[in-house]
Amino acid sequence: MDYEFLLLEKKWQEKWAAEKTFKAVTDPSKPKFYVLDMFPYPSGAGLHVGHPLGYIASDIYSRYKRLKGFNVLHPMGYDAFGLPAEQYAIQTGQHPEVTTGKNIARYRSQMDRIGFSYDWDREFRTCDPAYFKWTQWAFLKMFGSWYDKAQDKARPIEDLVRAFAEGGSAAVDAAASDTPVFTAAEWNAFSEKEKSDVLMHYRLAYQGETFVNWCPELGTVLANDEVKEGYSVRGGFPVEQKKMTQWQLRVSAYAGRLLDGLDRLDWSDSLKEMQRNWIGRSEGAEMVFKVRNGSAEYDMTIFTTRADTVFGVTFMVLAPESEWVEKLTAPACKEAVEAYLTEVKKKTERERIAGKTVSGVFTGSYATNPLTGKEVPVWISEYVLSGYGTGAIMAVPAHDSRDYAFARKFNLPIIPLIEGADVSEASFDAKEGIMMNSGFLDGMSVKEAIPAAIAYVESHGIGHRKVNYKIRDAIFSRQRYWGEPFPIYYKDGIPTPLPEEALPLTLPEVDEFKPTAAGDPPLARAADWTYNGYPLETSTMPGFAGSSAYYLRYMDPHNDKALVSAEANGYWRDVDLYIGGTEHATGHLIYSRFWNKVLFDLGYVCENEPFRKLVNQGMIQGRSNFVYRIVGTNKFVSLGLKDQYKTTEIHVDISLVHNDRLDTEAFKAWRPDFADAEFILENGEYICGWAIEKMSKSMYNVVNPDTVCDTYGADTLRLYEMFLGPLEQSKPWNTKGIDGVNRFLKKFWRLFWDRERFLVNDEEPTKAELKALHTLIGKEQEDIENFSFNTTVSAFMIALSELGECSKRAILEPLVILLSPFAPHITEELWHQLGHSGSVAYAAYPEYNPAYTVEDTCSYPVSFNGKTRFIADLPKSLSKEEVEAEVRSMPQTAKYVGDGNILKVIVVPGRIVNIVVK
RNA sequence: GCGGGUGUGUUGGAAUUGGUAGACAACCCAGACUUAGGAUCUGGUGCCGAAAGGCGUAUGGGUUCGAGUCCCUUCACCCGCACCA
């Protein structure tokens with residue numbers, strides 16, 4: 001009987017589906033293990049071989065854990081709201097739901113061929129009302145809560161209202177966008193609208209005016225992580241800064257906890273570092289400078305991490321968007337300031353980043369240094385950001401390179417504060433050295449001076465210690481159609497939450513998916529987008545909304561009373577292993593942690609962090625092929641000869657190329673404009689060029705997993721993707737090596753079958769066979785726990801070659817179990833042929849017996865005349881003295897050159913006895 | 001500029017964490033069996049050398065009896081952040 005993978009893979013996939021083999025049921029008698037993949041956005045292009053890499057790894061791990069006796073939750077679903085489907089809808093008029101449905105069906109059929117052990121009963125898509133009901137519900141919870149800094153947690157907004165009614169604004173220490181000051185009596189006298197406006201500054205989901213990333217091409221605002229270098233991540237359109245009122249999530253309130261929580265997570269260092277960077281904690285002080293514009297005086301607060309350098313402040317700088325600009329522009333400078341502001345505004349974000357030219361303008365106002373009493377000019381410059389700190393800085397040109405450049409350009413004084421620092425050519429930014437020119441700080445090191453300066457300003461009431469974070473609140477509204485509608489309506493202008501019973505609030509039908517002529521979002525096109533006669537919010541939630549709590553929903557996906565029941569959540573708790581790409585480092589992985597912490601604070605979930613261990617699979621790149629067209633002709637020249645002509649490089653579909661040799665006939669048939677192509681060959685062949693690039697349709701280098709399953713089978717695909725190299729590394733897809741893996745499976749099959757005979761027998765295994773088996777068991781356990789799947793595959797190949805043609809049941813049966821996480825189909829088939837009725841997925845993992853694998857002899861290193869040699873095969877149990885004696889007794893010539901002399905024995909920590917011959 | 005990471009045959013990659021570098025594969029070569037092979041099997045394959053032997057883990061140094069592994073230098077590449085005061 002031959003290894004007919006197509007037949008048996010189909011057979012078992014159907015059986016697993018029909019019998020719901022991988023259905024996960026809450027079972028408190030077993031330990032749980034939750035393995036999650038980052039669910040895909042189902043794009044129109046379908047899956048290529050790179051997508052399943054992480055899914056295969058997580059499936060192997062799930063199956064392994066199941067064999068080890070864990071109750072495994074391993075679900076899959078779809079992140080189905082999002083821009084591409086909507087862009088397509090705008091172009092074609094086709095409803096995004098239709099295209100999304102088609103894409104999902106395609107994804108599902110591709111995944112089904114690979115034999116994953118998902119519990120498909122838990123599948124959902126984020127655009128399904130039964131699911132997004134809970135996204136809207138979570139939004140309402142955030143709308144209905146505030147962050148109490150005193151308790152360091154979110155609390156219901158009712159508590160805040162009560163506190164205000166009893167003690168006014170001074171009664172709480174809360175995270176807020178703005179902190180109006182009022183008494184209890186004033187609060188109680190506020191109108192509904194006024195109360196609503198005040199509370200809006202405190203809510204975790206709130207409406208507020210800020211500068212946002214506005215993408216005119218997409219017609220929507222974007223979150224910071226959706227913008228890269230001034231362009232939208234989706235589509236690559238230019239993004240500009242625009243002041244708008246938008247829904248936001250108060251992620252900044254959680255900055256400290258998001259940062260501290262990282263220490264307890266088993267994530268890669270680079271990923272944690274990325275998040276730390278994004279959160280951007282810096283310790284420093286806020287200080288008040290008196291500022292004066294003519295006769296008008298104000299207190300202006302600035303933030304600095306270098307309180308020690310106050311004595312070197314020679315000017316102040318405001319961000320162009322700062323509200324201080326208006327207050328501090330002197331009449332004489334008004335024209336110049338306005339001209340500067342217009343110039344700054346004209347620049348796109350892109351130009352501001354790229355330009356890095358020093359520019360600025362004097363306001364005509366002055367600030368007083370609170371320590372020296374000296375007056376310094378106040379300037380405006382775009383190098384100061386409005387969104388960080390207070391949007392105004394004290395400039396210390398001697399010890400900050402940006403201030404230095406500015407001072408040089410505008411001829412402002414530079415006062416060095418650190419002994420021996422040469423500031424004639426550049427600033428001295430390092431936080432080291434001994435202070436000078438700094439009054440009471442003179443003689444201190446910088447490390448001493450910083451806290452001393454802060455202590456001084458605190459005791460004199462001119463400032464206080466302050467921790468600042470870079471992370472900003474997440475802009476949460478999108479002026480688009482294909483997303484969750486906000487469960488908010490406007491009652492006399494007051495944003496009001498829908499009652500929970502009214503959820504889900506589903507998307508209305510619209511005639512077009514474009515904004516209205518008036519520039520309102522597409523939802524404004526709906527015939528009756530109202531609630532009880534009041535207008536509903538017309539923007540929708542962003543892509544990350546639906547993915548922020550989906551891991552919780554999998555625990556209890558059909559519950560229509562709660563996002564997740566307390567029982568289900570109490571059992572499954574959190575994700576033990578999360579596998580996905582790094583691209584979500586500062587997006588989804590921050591938002592999810594935030595979202596989870598809010599639900600945790602409010603008592604809806606039992607774990608503070610959602611993802612215990614996280615592994616980033618690398619990207620699988622494509623190997624593209626090129627042909628070279630001679631410019632102005634339809635002639636194509638082979639790679640080796642192309643330098644003799646002026647050519648353009650053209651991507652050619654890799655299915656037309658084998659081993660870099662072009663199938664010229666297929667090429668002519670590929671595209672009409674190549675039909676009459678001519679070729680200049682070398683040695684009768686057309687050789688193509690190649691490059692490693694991102695796998696994508698436009699580069700014609702996409703390898704479809706279906707094709708691989710057709711030619712080699714899913715088990716080969718799975719093994720090969722793991723064999724390709726370390727999981728976390730990016731690597732190009734290379735079909736050359738796949739034959740070796742396929743050959744391994746064929747050989748494995750031949751242990752059980754020759755042409756027509758089932759070979760398995762009940763003979764006793766030899767010692768060597770047991771050793772091969774147990775070495776493999778030990779290796780597999782260790783490797784899988786370390787996510788080193790590539791070496792496990794190698795270990796299987798080694799074991800197979802050591803076993804020769806062993807067809808003994810006592811060896812083969814455990815072998816089938818060991819291989820089953822990697823190659824589930826072939827092993828399931830063989831498991832049943834061995835006479836078992838249940839699935840191999842629930843077999844008991846073979847017990848590892850190290851006794852079989854222990855070597856009873858080993859080699860001892862002996863150094864002689866500076867060279868290390870090894871004396872082989874002495875008993876492993878020897879003490880150093882015995883080894884010494886053994887070496888002495890050996891015929892010298894047999895072991896090392898020269899006359900044997902004194903032996904000096906050194907014991908290195910561990911098992912190795914080290915012998916030096918002198 | 002700051003931060004994280006990587007550098008091993010022709011290629012993907014191993015190396016019990018300081019102990020005989022190159023496992024396992026791919027490629028290539030030779031042979032066997034075949035009407036045929038892009039099937040299967042066997043053997044060879046880091047470099048130099050006829051051999052003995054020598055040289056080899058990006059670079060230069062250091063620690064050690066012993067370094068791919070630890071420490072310092074330089075270089076190259078990849079990724080993330082980037083006027084964050």
Side-chain angles (χ1 to χ4, degrees), chain A residues 228-229 268-278 280-282 284 302-307 309 317 319 352-353 355-358 381-385 387-396 399-403 405-406 429 468-472 582-583 585-586 616 618-619 658-659 720 723-726 728-741 743-744 746-747 750 778-779 782 788 790-801 853 855 858-872 904-906 908-918:
Chain A
K228 240 180 205 153
E229 293 176 358
S268 73
D269 288 340
S270 66
L271 196 76
K272 286 204 233 180
E273 205 50 42
M274 261 189 243
Q275 289 212 344
R276 285 196 190 104
N277 237 302
W278 189 258
R281 180 182 200 272
S282 58
I302 58 94
F303 174 76
T304 180
T305 54
R306 294 295 301 273
T309 60
V317 190
R352 264 180 90 160
I353 294 168
K356 284 209 176 177
T357 47
V358 181
S381 174
E382 58 181 332
Y383 85 86
V384 175
L385 306 174
Y388 185 74
T390 61
I393 63 152
M394 61 177 215
V396 186
H399 303 290
D400 182 288
S401 51
R402 296 152 300 179
D403 299 345
F406 195 81
D429 291 17
N468 236 326
Y469 294 98
K470 271 199 290 193
I471 194 168
R472 307 225 221 137
T582 12
E583 66 271 21
T586 52
N616 294 119
M619 281 228 282
H658 301 281
N659 281 333
Y720 184 59
F723 185 68
L724 221 42
E728 309 193 21
Q729 203 167 294
S730 286
K731 54 235 163 184
W733 180 261
N734 172 4
T735 16
K736 281 180 179 171
I738 202 166
D739 293 310
V741 168
R743 230 169 278 160
F744 160 76
K746 287 181 189 162
K747 281 188 208 165
R750 257 182 263 123
K779 180 83 176 146
E782 196 190 320
S788 180
N790 54 327
T791 51
T792 319
V793 179
S794 299
F796 277 113
M797 294 176 176
I798 295 167
L800 202 63
S801 73
T853 63
E855 301 269 359
C858 71
S859 303
Y860 290 90
V862 173
S863 282
F864 177 70
N865 284 352
K867 289 180 182 175
T868 305
R869 291 163 193 280
F870 282 79
I871 298 170
K904 186 183 162 200
V905 178
I906 304 166
V908 182
R911 289 280 308 157
I912 295 154
V913 179
N914 211 338
I915 300 162
V916 181
V917 187
K918 289 223 166 139

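Numbered from 1 within each chain, the chains take letters A, B, ... in sequence-line order.
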Handout entry: Short side-chain N/O contact to A85(B) OP1/OP2 from S282(A), under 4.0 Å
Key = yes
Practice task
Check whether any side-chain nitrogen or oxygen of R743(A) sits under 4.0 Å from OP1 or OP2 of A26(B), and answer yes or no.
Solution key: yes
Practice task
Would you tell me if any nitrogen or oxygen in the side chain of Q729(A) comes within less than 4.0 Å of OP1 or OP2 on G5(B)?
Solution key: no
Problem - Under 3.5 Å side-chain donor-acceptor pair for D429(A) and S401(A) - result: yes
Practice task
Just name whichever nucleotide pairs with C75(B), Watson-Crick or G-U, keeping both distances under 3.5 Å, else none.
Solution key: G7(B)
Fill in the blank from the handout: Taking for E273(A) and for A319(A) the nucleotide of RNA chain B with the nearest heavy atom, the one nearer the 5' end belongs to E273(A)
Exercise for the section: Tell me what P726(A) touches on the nucleic acid: a base, only sugar-phosphate, or nothing, going by heavy atoms under 4.0 Å. Expected result: sugar-phosphate
Handout entry: Distance, P atom - from A26(B) to U34(B), rounded to whole angstrom
Key = 25 Å
Exercise for the section: Could you classify G9(B) for me, syn or anti, using a glycosidic angle within 90° of 0 as syn? Expected result: syn
Handout entry: In U17(B), glycosidic geometry as syn within 90° of 0 or anti otherwise
Key = syn
Problem - Residue closer to the 5' end of RNA chain B, I798(A) versus Y388(A) (nearest nucleotide) - result: I798(A)
Practice task
For nucleotides C28(B) and U17(B), find the distance between their C1' atoms and express it as a whole number of Å.
Solution key: 34 Å
Completion exercise
Winner on side-chain proximity to D400(A), out of C83(B), A85(B), G80(B), is A85(B)
Handout entry: Nearest-nucleotide pick for F723(A), side chain only, options being A25(B), G13(B), A85(B)
Key = A25(B)
Exercise for the section: Would you check if the side chain of K731(A) reaches a backbone N or O of P726(A) as a donor-acceptor pair within less than 3.5 Å? Expected result: yes
Handout entry: Pairwise C1' distance for U8(B) and U57(B), with rounding to whole Å
Key = 4 Å
Problem - Distance below 4.0 Å between R750(A) side-chain N/O and A39(B) OP1 or OP2 - result: no
Exercise for the section: Would you tell me if any nitrogen or oxygen in the side chain of N468(A) comes within less than 4.0 Å of OP1 or OP2 on A85(B)? Expected result: no
